[in-house]
Amino acid sequence: MSNVLRAVRGMNDILPADSPLWRYFERTVRGWLDLYGYSEVRTPILEHTGLFKRAIGEVTDIVEKEMYTFVDELNGESLTLRPEGTASCVRAAIEHNLLFEGGKRLWYAGPMFRHERPQKGRYRQFHQVGIEALGYAGPDLDIEHLLMTARLWRLLGLADHIRLEINSLGGADARARHREKLIAYFQAHEAELDEDAKRRLHTNPLRILDTKNPAMQTLVEAAPQLMDELDDSARTHFAAVQQGLDDAGIPYRVNPRLVRGLDYYNLTVFEWVTDRLGSQGTVCAGGRYDGLVAQLGGKPAPACGYAMGVERLLVMMQEAGLTPAVPAPDVYLVNVGEAAKRFAPEVAETLRDAGLKVLLHGGGGSFKSQMKKADASGARHAIIVGDDEAAVGEVAIKPLRLAGEQQRVALTRAAELLKG
RNA sequence: GUGGCGGUAGCUCAAUUGGUAGAGUCCCAGAUUGUGAUUCUGGCUGUUGUGGGUUCGAGUCCCAUCCGUCACCCCA
């Protein structure tokens, strides 16, 4: 294998054994998005580096050490493979004035890139489906997003394995106040902080609250709560979101320590989590980002959205045994003899004209081996063409799955017989 | 980026204190010269991830590296 080229680490081929699951997932997701009236946007995989720095935040882990950034040597521009989809989606909406007529419900799907250490459910090229509602301020869209995700889990058969956690981050001012209090509080207890916490104190103090170190639990529990800083409008918004979940009968847990890794979030944030994926438990997450449109140069517009990790959901589906049936052709066309070989493409095309999925045997081989392949293909029928049949424009139809006699008919009658 | 464990045929896995790399499956052919799933017979399949080192001799021991995996970090 030393001379063999390999895929880049953390970037996977999706092979025929897996593509039916992907297609099933994508089909389900598209139908589900149609139910809610969302429109697809497709943006480039590559953007100017500045877009992500401005949208995600200069000091986030993603921007500091996980982006695939390079200089286009032909013109000196710094470009970046998108690490997430919201920035591109919002950029496109601003660039093309999509919000001119008011709110827009959008979605996108595709590969994202982050230079992290690969692990199960975490890859350097991974896929997300993202949903964004731009131009809507009220909690009604937050609620719509939570209800629609709950429906998707039901459609995919994952509802029993996923639970919802929500929180409110308040406005920018509330978070700034909270951040200061938090830093002051932890500085006052610096002796009790572990190494991780000391490092995070000024980079990402919110993350200290998430520590898994049992020795710090009491310290963390007595820390200033973001919830206490929320103003009335943020409280009202959050209460309305919870009311909406209650009305819909969707169970959830308010997790005051739930934060987001991207700077643009405010007010409602949520995560759908599972305990079936080890440490990669977050399967879908998002929230409100009312400041982002203006931050990227657009006319100020509120917005909220979320993204799901496709690979993580697919692993869950596989482990739950929810894999779709392998697609099989309707007909496997066996052909033996020179005249038969010339006749076979006409037979195949005629049947395809009638909408039948036909796998034409390729590569020669004995009659027996062709029949074995016909069986292995999963086709319901084998069509057998020999020189005898070819000479008179007939085919032999043999049922492979159900009982029944083989019968020989004119090609012109074959399709109707196979479909009936 | 840090640490633990792992890597043998296309796939799933064996290989005794270091002593000639094996099985099942798959694939191919035949038993059955125009009939597939079962059965029987025969056959193909490897730079033991890669590169060095120790040794008379390395799948096995040592070093490096790549890839996977788990945890951390972070996140979908």
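Numbered from 1 within each chain, the chains take letters A, B, ... in sequence-line order. What's counted below: heavy atoms across the whole structure, side chains too, no hydrogens, waters or symmetry copies.
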The side chain of [X] is closest to which nucleotide in this list: [options]?
X: A:Phe126; options: B:rA76, B:rC73, B:rG36; result: B:rA76
X: A:Arg114; options: B:rA29, B:rU69, B:rA76; result: B:rA76
X: A:Gln128; options: B:rA76, B:rG68, B:rC28; result: B:rA76
X: A:Arg9; options: B:rA37, B:rA76, B:rC67; result: B:rC67

Classify every nucleotide of nucleotides 30-35 of chain B by which part a protein heavy atom approaches to under 4.0 Å, writing B for the base, S for the sugar-phosphate alone and - for neither, in 5'-to-3' order.
-> -B--BB
Of A:Asn335, A:Leu360, A:Val358, A:Leu333, the residue whose pairing with A:Val347 passes side-chain contact (heavy atoms from CB on, under 4.5 Å) =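 It is A:Leu333; the other options fail the test.
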Given that both distances must come in under 3.5 Å, which nucleotide forms a Watson-Crick or G-U wobble pair with [N]?
N: B:rU8; answer: none
N: B:rA58; answer: none
N: B:rA29; answer: B:rU41
N: B:rG3; answer: B:rC70

Which part of the nucleic acid, if any, lies within reach of A:Gly121 when heavy atoms closer than 4.0 Å are counted: base, sugar-phosphate only, or nothing?
-> base
Upstream residue (5' side of RNA chain B) when A:Met11 and A:Ala285 are each assigned their closest nucleotide = A:Met11
What's the CZ-C1' distance between A:Arg122 and B:rU69, to the nearest Å?
->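 Roughly 12 Å, once rounded to whole Å.
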Does a donor on one side chain sit under 3.5 Å from an acceptor on the other, for A:Thr323 and A:Gln318?
-> no
Does a donor on one side chain sit under 3.5 Å from an acceptor on the other, for A:Asn266 and A:Asp290?
->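 Indeed, the side chains of A:Asn266 and A:Asp290 share at least one donor-acceptor pair under 3.5 Å.
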Tabulate protein N/O versus nucleotide N/O from nucleotides 3-12 of chain B, keeping only pairs under 3.5 Å, one per line.
residue: B:rG3; atom: O6; partner: A:Arg117; partner atom: NH2; Å: 3.3

Six-ring centre of A:Tyr136, A:Arg105 cation under 6.0 angstrom, axis tolerance 45° | yes
Stretch residues 49-60 of chain A: residues that reach within less than 4.0 Å of RNA chain B through a heavy atom =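 Heavy-atom contacts with RNA chain B come from no residue of residues 49-60 of chain A; none.
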Does A:Ser279 have a side-chain nitrogen or oxygen under 4.0 Å from the phosphate oxygens OP1 or OP2 of B:rA71?
-> yes
Think A:Gln370 has a side-chain N or O under 4.0 angstrom from the OP1 or OP2 of B:rG36?
-> no
Which atoms form the tightest heavy-atom contact between A:Glu58 and A:Glu64, and what is the distance?
->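 Nearest pair, atom of A:Glu58 first, then A:Glu64: O-CG, 3.4 Å.
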